[in-house]
Amino acid sequence: MPDTDRLNATFAALADPTRRAILARLALGETSVQKLAEPFDISLPAISRHLKVLEHAGLISRGRDAQMRPCRIDTEGLIGVDHWLAEYRKLWSQSMDKLESYLEVMKAQQADRPAPKKKTRSVKRQGGSHARKD
């Protein structure tokens, strides 16, 4: 599968909360389809459909052990996502560096300015005005 198709399949698979929950469970270790289905209020065939989507995306693999088909997480699918995100991490890091530089310049400019004078406010009262410092 080309990288773009793999990435699309991976993100499509990860878009579903049930599939993400299945991956979270498989991150703890290999298990059977029956045990994967236990915490969900959906049928076994529905779990199997979710597993097929995860398998197609390269996020899980299934083996065969007698009558059981144990599922395990496959990190290859997540490596593609990690590579894709790495490009954006660089961009965010560069933006944060620019922001930090800008804030340093702003701080230096503010430190060079003379302190503002305190303003006095006059209060008008009957019979005259009085200046008051705030």
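Note that the coordinates shown come from a computational prediction; the quantities given were computed from them, not determined experimentally.
E100 CD to S93 OG: the interatomic distance, rounded to the nearest 0.5 Å, is 10.0 Å. T4 contributes atom OG1, which lies 11.5 Å from atom CH2 of W84 (distance to the nearest 0.5 angstrom). Annotation: the span from M68 atom CE to Q34 atom CD amounts to 11.0 Å, rounded to 0.5 Å. With rounding to the nearest 0.5 angstrom, the CD atom of E30 is 8.0 Å from the OG atom of S61. The CG atom of L51 lies 4.5 Å from the SG atom of C71; values are rounded to the nearest 0.5 Å. To the nearest 0.5 Å, atoms CG (L78) and CG (L85) are separated by 10.5 Å.
A distance-only check finds no donor-acceptor pair linking the side chain of R19 to the backbone of L14 [under 3.5 Å]. Judged purely by atom type and a 3.5 angstrom limit, R72 has no side-chain atom pairing as donor or acceptor with the backbone of T31. The main-chain N or O of L44 is found under 3.5 Å from a side-chain atom of S48 such that the two form a donor-acceptor pair. At least one donor-acceptor pair closer than 3.5 Å links the side chain of R20 to the backbone N or O of A15.
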- Task: Report the C-alpha distance between V53 and R49 in whole Å, list the side-chain angles of each, state the deciding distance to 0.1 Å, and finish with yes or no for side chain to side chain contact (heavy atoms under 4.5 Å, CB included).
- Result: CA-CA 6 Å; V53 171; R49 284 192 293 273; 5.9 Å; no
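Within 6.0 Å of CZ on R89 lie more than 12 heavy atoms contributed by other residues, nucleotides or ligands.
When the options L23, D16, D74, L26 are evaluated for a side-chain contact (heavy atoms from CB on, under 4.5 Å) with L54, the one that passes is L23. Partner of K107 under the side-chain contact (heavy atoms from CB on, under 4.5 Å) criterion, out of E104, Q109, Q110: E104 alone.
A 4.5 Å side-chain heavy-atom check between H50 and I42 finds at least one atom pair inside the cut-off. Annotation: side chain of L59 is not in contact with side chain of I73 (no heavy-atom distance under 4.5 Å). With contacts defined as side-chain heavy-atom distances shorter than 4.5 Å, the pair K98/Y102 does not qualify.
Under the 4.5 Å side-chain heavy-atom criterion for grouping Ile, Leu, Val, Met, Phe, Trp and Tyr, Y88 is connected to L7 within one hydrophobic cluster.
The two atoms that bring A57 and A9 nearest to each other are CB-O, 3.5 Å, heavy atoms only.
A salt bridge does not link E55 to K52: none of the charged side-chain nitrogens sits closer than 4.0 Å to a carboxylate oxygen.
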